[in-house]
Amino acid sequence: MATTHISPAESEAAPQHERVVNDLSIQVATVNGSGSQSSNMVLLRALFQMGIPISGKNLFPSNIEGLPTWFTIRASKHGWIARRKEIDFLVAMNAETGEEDVRGLDAGAACVYDEKLNLARLRDDLIFYAVPFDKLVAPVCPDAKLRKLVRNMIYVGVVARLLEIDMGEVERALRKQFKKKVKAADLNFKAVLAGYEFAEKNLEKRDRFFVGRMNENAGKVLIEGNAAAALGCMMAGVTVVTWYPITPSSSLCETLITYMKRYRMDPETGKATFAIVQAEDELAAIGMVMGAGWAGARAMTSTAGPGISLMAEFVGLGYYAEVPGVIFDIQRVGPSTGLPTRTAQGDVLSTALLSHGDTKHPLLFPASVGECYSMAIEAFDLAEELQTPIFVMSDLDLGMNYWMSESFPYPDKPLKRGKVLDAEDLNRLGGFQRYKDVQGDGIGYRTLPGTNHPAAGYFTRGSGHNEDALYTEKGELYVRNMDRLERKFETARRLVPGPVIEQAGHDVGVIAYGTTHWAAMECRDQLAREFGVQTDYCRIRAFPFADEVAAFVRSHARVYAVEQNRDAQLAGLLRLSLPGEEIGRLRSVLHYDGLPIDARSITDAIMTQEVGS
Amino acid sequence: MATTVVPPRKTNRIGLEPAVYKGSKSTLCAGCGHNAITERIIEAFYEMGVEPHRVAKFSGIGCSSKSPAYFLGSTHGFNAVHGRMPSVATGTLLANRTLLGIGVSGDGDTASIGIGQFVHLMRRNLPLIYIIEDNGCYGLTKGQFSATADRGSVLKNGVVNDLPPIDTCALAIELGATYVARSFSGDKKQLLALLEGAIAHRGTAMLDVISPCVTFNDHEGSTKSYSYVKDHDEPLGEVSFIPFFGDIMVDYDPGSTTEVTLHDGSRLLLKKLDSGYDPTSKVEALRVLSESHDNGEVITGLFYVKTGQPNFLDLLNIVDEPLATLPEAKVRPPKSALDEVMESLR
Ligand SMILES: Cc1ncc(C[n+]2csc(CCOP(=O)(O)OP(=O)(O)O)c2C)c(N)n1
Ligand code: SF4
């Protein structure tokens, strides 16, 4: 079944001669390690500063230097920031991929290319602009060693001229990019100007793509999800951080280190109000989080799928022994060699049920950088309130790419430290029972090591303990404890962030979570405009699912759960959670090629299924 | 008229009775070396007058790792996962640097599944007492060889170990632990002195204590049986411990005895049998250990001690009070900090 025939092919493309303003995607194809990241950031930032809604996605190889890399910028006056499959404007700098990149373009697209690649011969339905990069860079940069890095700034100037990007904003973006390195900034700006001037003199504008000032970004920031999460952790008062490097999660802890050194040194003593440890592996990273959480610290680690797998055993102990901790999973594609630098939502099911025995864990699904920040804060509160490991399920697309956002609000609520008894409490109460459900919410009281009271201490172990935390192997006590943990999970259902629902009584419902949200929203617009299919929407923000999610499914004839994995993992969790009669309403739209999901693919997949129903 | 004499209750320097330092009843086999080590731990903490609430106990999984339940009953304890106790202890001590950590592991728990974490614990010189209750086998899973079993040692079912043992003391010294000793569960005096010294030390104190498994590894042909260890025990010297409290005057011959002053002011007197032995030399320690292997001896004593080395918590430059209970004002930066970051992202 060919899904592509279902979409009206011309619907989005304006007639060939019409100017298209602030609605395009630019792709820059370069080689890893060639300094193109700075050039791409300058382009992205300049557009952002012009007030145009943008998104930038870096598609990079698992390699330090020499393999192809693509950077896609989308500018959309409608505010669509998901990836768009179709490229309108290609900058082809990579000899290895140039031909394939050009062949993949739709008719009418524009292509700036390195003259030596001789790409214009390949197609006669594109608009080509040949640029002699080597010739242009030589006079700008006499130092041959630097040339490779500066050369990529030239395309910034060429693209700026052709798309009419404001050069004042380009310079501002470039100087921001190079921060205090004024000399480097000067040199790079010279290269930008060389490109601009070359284009002005030699390239006649023949394509139809333009940008122009808007006012959509006032007060907004541009930040990666991992940096946003790091800020959230700092504001949540994290005190113990352990990590083991892994793409795409490393930048979370690395950014956190920078922030903590700046803002979390005790002004009186000059000492750190935190400990950050690069552990020997993820087994140790999570072990340290468990040890620290048990002792009362706000402790976290950050990792990706392979690390989550290694953490499984400890997380199970954390569930049974009821130890708080926050774990960020910046999801990526499967095992290490191959596509580890591509995005996915592939750890959802395995993480929800991670470990041995009857275990299940709360998961939070941030969809935006703003939620990376706010959910980081919520995760620490939840971990301590619920006394259990909490996972924040981000992904590579969110974590490592730059996203626009409103400024993050300063937290307006105090830290929630959960049920902890100190020596004074124990004096008053005469003692406590660690695993007794006093309030009916399934959560017992705990004490911290170091509490100066003879009744404070207790022994923490895995599956066999009674309400007094004493050793037992009695079946009925085990059952009672497991049933209490189930009650605690019901409490979690009420405490975790609820879904965001848009409901207007339509037959078709769409469910999405995490970064899939952006493409899902654009898809709903396509469905309505192009096919007259109106949809309701439910964005799931956490597991266990709030009751509203079941109600949403119940009130629709067909519900499409859209996600970025092969096995319909969230739908699987929904099937485990929903009453039997609702399960038949669920359908899936799945995307798992390692690229961020795009709206058109979802629209096609939904319409294929709708036509048949 | 008869007078009743009430014998004074035995208490330690902080007025606590020995019973306070005990834990729940051991469920290990009668005669298991681990029980004897538990008794020495109880004695050492009692003698040193450590406040039980200042201690945190850790262990992995195994018969040995059950033993923290049998001492310091009112103290917080964490029975972690197999081989991964070092990371849990590290996390706790990061969260609360004022705690005195003691971890109990087995030779399987440490030298096989846990060797990775063991190695990194030693490297960090985390202030922790780390005890391996070493019986050369896996007790809890019914007697398989562990990686500390000697070459040629024989299992009950006749299987012979043909791989060389991992010497955890040599490893610990090599990697940066600052108090490294081997002892025998049956040598009450030496083990007590070494434990007291470990409590007085600040840095990783690694004690490998040979602790026979009476059920699976105490037979003829085993090199970790009571009789084998008794016959082959070659103490490096006599270890005496002099606590920092109380004024005990000791006379010793400086020619044959080395005095080491520990972190809290307590002293260890090491009376050398091998007259040239220098316990502050890594090379010396490694030589002695290597020779003992060649000679088929079980050498015991304090092999290496280095005081005044910065430990992991010092290196991290953490505030003096426990991180775990820092008030919100210390851990949540002011709004101006967030504003500054936001401004830089515009
Ligand atoms: C991940 C994992 N693998 C295996 C086991 C099974 N297991 C329990 S104790 C043990 C060995 C214990 O040996 P040792 O540490 O020497 O302690 P001992 O019982 O001899 O005191 C093993 C293999 C486990 N609990 N967890
Ligand atoms: S099996 Fe061996 S190690 Fe375990 S308790 Fe019995 S004697 Fe001790």
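Basis for what follows: all heavy atoms, side chains included, without hydrogens, waters or symmetry-related copies.
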Heavy-atom distances under 4.5 Å only: say whether [X] touches chain A with side chain, backbone, both or neither.
| X | value |
| --- | --- |
| B:Ser344 | backbone |
| B:Leu338 | side chain |
| B:Ala69 | both |
| B:Asn317 | both |
| B:Glu343 | backbone |
| B:Pro68 | both |
| B:Leu316 | both |

With a 4.5 angstrom heavy-atom cut-off, could you sort out which part of [X] is near chain B: side chain, backbone, both or neither?
| X | value |
| --- | --- |
| A:Ile276 | backbone |
| A:Ala469 | neither |
| A:Thr269 | side chain |
| A:Ala299 | neither |
| A:Thr447 | both |
| A:Leu231 | side chain |
| A:Tyr259 | side chain |
| A:Tyr320 | neither |
| A:Met260 | neither |
| A:Val420 | neither |
| A:Asn452 | both |
| A:Val240 | side chain |

If only side-chain N and O atoms count, and only distance matters, is there a donor-acceptor pair under 3.5 Å linking A:Thr451 with B:His76? no
Short question: side chain of [X], backbone of [Y] - any donor-acceptor pair under 3.5 Å?
| X | Y | value |
| --- | --- | --- |
| B:Arg332 | A:Met235 | yes |
| B:Thr92 | A:Gly291 | yes |
| B:Lys330 | A:Arg264 | no |
| B:Glu328 | A:Pro414 | no |

Most chain A-contacting option - heavy-atom pairs closer than 4.5 Å, from [options]:
| options | answer |
| --- | --- |
| B:Gly73, B:Pro52, B:Pro334, B:Ser59 | B:Pro334 |
| B:Asn96, B:Thr90, B:Val319 | B:Val319 |
| B:Asp320, B:Leu72, B:Val341 | B:Val341 |

Side-chain touch [X]/[Y], heavy atoms, less than 4.5 angstrom:
| X | Y | value |
| --- | --- | --- |
| B:Phe78 | A:Leu317 | yes |
| A:Tyr458 | B:Thr75 | no |
| B:Leu326 | A:Asp266 | no |
| B:Arg346 | A:Ser407 | yes |
| B:Phe312 | A:Val277 | yes |
| B:Phe58 | A:Trp294 | yes |
| B:Arg84 | A:Glu313 | yes |

Could you walk me through whether B:Thr325 and A:Leu448 pass side-chain contact (heavy atoms from CB on, under 4.5 Å), step by step? CA-CA 9 Å; B:Thr325 47; A:Leu448 307 182; 4.0 Å; yes
Only pairs of heavy atoms separated by less than 4.5 Å count here; which of [options] has the most with chain B?
| options | result |
| --- | --- |
| A:Glu268, A:Arg298, A:Lys176 | A:Lys176 |
| A:Gly296, A:Ala279, A:Pro454 | A:Gly296 |
| A:Gln49, A:Arg262, A:His453, A:Met290 | A:Arg262 |

Could you go step by step and tell me if B:Val88 and A:Phe314 meet the side-chain contact (heavy atoms from CB on, under 4.5 Å) rule? CA-CA 10 Å; B:Val88 176; A:Phe314 254 128; 3.5 Å; yes
With rounding to the nearest 0.5 angstrom, report the OG to CZ distance, B:Ser74 to A:Phe459. 13.0 Å
Atom pair CZ/CG of A:Phe274 and B:Leu94 - distance to nearest 0.5 Å: 12.0 Å
Please determine whether the number of non-hydrogen atoms from other residues, nucleotides or ligands lying under 6.0 Å from atom [atom1] of [X] exceeds 12.
| X | atom1 | answer |
| --- | --- | --- |
| A:Lys271 | NZ | yes |
| A:Tyr244 | OH | no |
| A:Lys220 | NZ | yes |

On a heavy-atom basis, which atom in [X] and which in [Y] lie closest, and how many Å separate them?
| X | Y | result |
| --- | --- | --- |
| B:Gln117 | A:Ala284 | NE2-CA, 3.2 Å |
| B:Leu323 | A:Ala275 | CD1-N, 3.7 Å |
| B:Ala95 | A:Ala295 | CB-CB, 3.7 Å |

Give the intermediate values and the outcome of side-chain contact (heavy atoms from CB on, under 4.5 Å) for residues A:Leu415 and B:Val331. CA-CA 10 Å; A:Leu415 310 179; B:Val331 297; 4.0 Å; yes
Decide, yes or no, whether a salt bridge links B:Arg123 with A:Glu280 under the criterion of side-chain N to carboxylate O below 4.0 Å. no
